[in-house]
Amino acid sequence: MTTTSPPPLDQTVVPAEIDRWNWGAFLLNWIWGIGNNTFIALLTFIPFFGLAMPFVLGARGSAWAWRNRRWDSIEHFKRVQRKWAIWGVVVWIAAIALFGSLFGGIFYALGNSEAYKLAVSKLQANTVAMSALGAPISTGIPSGEISTKDDSGEAKLTFSVTGTKSNGQLHIEALKKGGVWSLKVLKLKIDGRDDVID
C-alpha cells in the first residue's frame with residue numbers, strides 16, 4: 001500500500017484568509033522579521049523608515065511571511081503567527097511594567113527625599129508665598145536630580161504647587177554637608193505673574 005504526500009502549497013498566491021493585519025509583525029517588527037525570513041523588517045533600524053515600518057509590517061507582514069517561509073498548511077501558518085502575536089503582547093506588557101516601575105521608583109525617591117521635604121516645609125512657612133497661593137497647598141511630583149555621596153550631596157528639583165488662590169512652580173537647589181541638607185535656592189513662580197518669590 002502506497003501513500004501519496006499532499007501537493008506542495010502554492011506560496012506565490014496569498015490566501016485571502018491570512019492576508020490580514022499581523023500583530024506579531026507590528027509588535028516585534030525586526031525580531032519577527034528574522035524569525036519569518038522577512039528581512040525587509042530590518043529597515044526598522046533606519047531613521048524615518050523605522051517610524052513607519054511597524055505599521056507596514058502589520059499590514060503586509062502576513063503576505064511576506066507566507067511567501068518567505070515554508071509552511072505545512074494554512075493552519076500551520078495561523079498557529080505560528082498567533083504565537084508571535086501572543087509573545088508580542090507579553091513583551092510589550094513586560095516592557096511597560098518595567099519602565100513604569102523604573103520611573104515610578106525614581107519619582108517616589110525624589111518625592112520622599114529630605115531636600116524635597118525641606119523645601120515644602122520652607123514654602124509652607126513663608127507667609128508671602130502662602131498668601132499668594134492660598135492655603136492649604138498641595139505639591140506635585142518633583143522632577144530633577146539628586147546626587148549623594150557619604151555625608152554630602154546636591155539636589156536640583158522642580159515641582160508644581162497648587163493653592164486655593166493660584167498655582168505655580170517651585171524650583172529648589174539644595175546642598176548636603178555633614179549629613180544635613182540646606183537650601184541654596186528656593187524660587188516660586190506663580191502662574192500669570194512675572195515676578196518670582198525668592
Side-chain angles (χ1 to χ4, degrees), residues 23 25-32 41 43-58 85-198:
W23 283 106
F26 174 73
L27 295 172
L28 296 176
N29 42 78
W30 67 270
I31 301 173
W32 174 92
L43 289 176
T44 304
F45 292 111
I46 298 178
F48 304 112
F49 280 101
L51 297 175
M53 277 310 294
F55 297 95
V56 174
L57 288 167
I86 291 170
W87 275 110
V89 171
V90 169
V91 167
W92 272 92
I93 290 175
I96 292 169
L98 177 63
F99 282 107
S101 62
L102 178 64
F103 284 107
I106 292 172
F107 289 135
Y108 178 82
L110 293 178
N112 284 276
S113 65
E114 293 181 42
Y116 173 79
K117 292 177 181 178
L118 178 61
V120 173
S121 66
K122 291 289 187 183
L123 173 68
Q124 293 174 336
N126 187 293
T127 55
V128 176
M130 293 302 290
S131 176
L133 289 168
I137 64 163
S138 60
T139 57
I141 299 173
S143 62
E145 58 183 357
I146 296 177
S147 59
T148 58
K149 184 178 180 181
D150 299 327
D151 289 340
S152 62
E154 187 176 359
K156 294 180 180 180
L157 301 175
T158 301
F159 54 92
S160 62
V161 289
T162 303
T164 56
K165 295 180 181 178
S166 189
N167 305 325
Q169 292 282 325
L170 190 69
H171 174 73
I172 75 159
E173 295 181 17
L175 285 177
K176 183 181 182 182
K177 290 184 178 180
V180 179
W181 283 96
S182 61
L183 293 171
K184 284 174 50 185
V185 175
L186 184 68
K187 293 184 177 181
L188 174 64
K189 176 70 173 64
I190 303 292
D191 293 350
R193 287 174 46 171
D194 295 329
D195 61 318
V196 175
I197 299 174
D198 189 349

Note: A25 and G58 closest approach over all heavy atoms is CB-N, 4.4 Å
For a side chain to side chain contact (heavy atoms under 4.5 Å, CB included) with V91, tell me which candidate from L27, I86, L28 qualifies. L28
Rounded to the nearest 0.5 Å, what separation is found between the CG atom of N29 and the CZ atom of F55? 10.5 Å
Can you tell me how far apart CD1 (I46) and CG (L51) are? Round to the nearest 0.5 Å. 12.0 Å
Heavy-atom pair with the smallest gap, counting every atom of L57 and A41: CD1-CB, 3.7 Å
Under 3.5 Å donor-acceptor, W30 side chain and F45 backbone: no
Calculate, to the nearest 0.5 Å, the distance between atoms CG and NZ belonging to N167 and K189 respectively. 12.0 Å
To check you understand the geometry: which heavy-atom pair defines the closest contact between W23 and A85, and what is its length? CB-CB, 3.9 Å
Specify the closest pair of heavy atoms between S160 and Q169, including all atoms of both residues, with the distance to one decimal. CB-NE2, 3.6 Å
What distance separates L188 CG from L170 CG, expressed to the nearest 0.5 Å? 6.0 Å
Would you give the length of the straight line joining atom CD1 of I93 to atom CG of L98, rounded to the nearest 0.5 angstrom? 13.5 Å
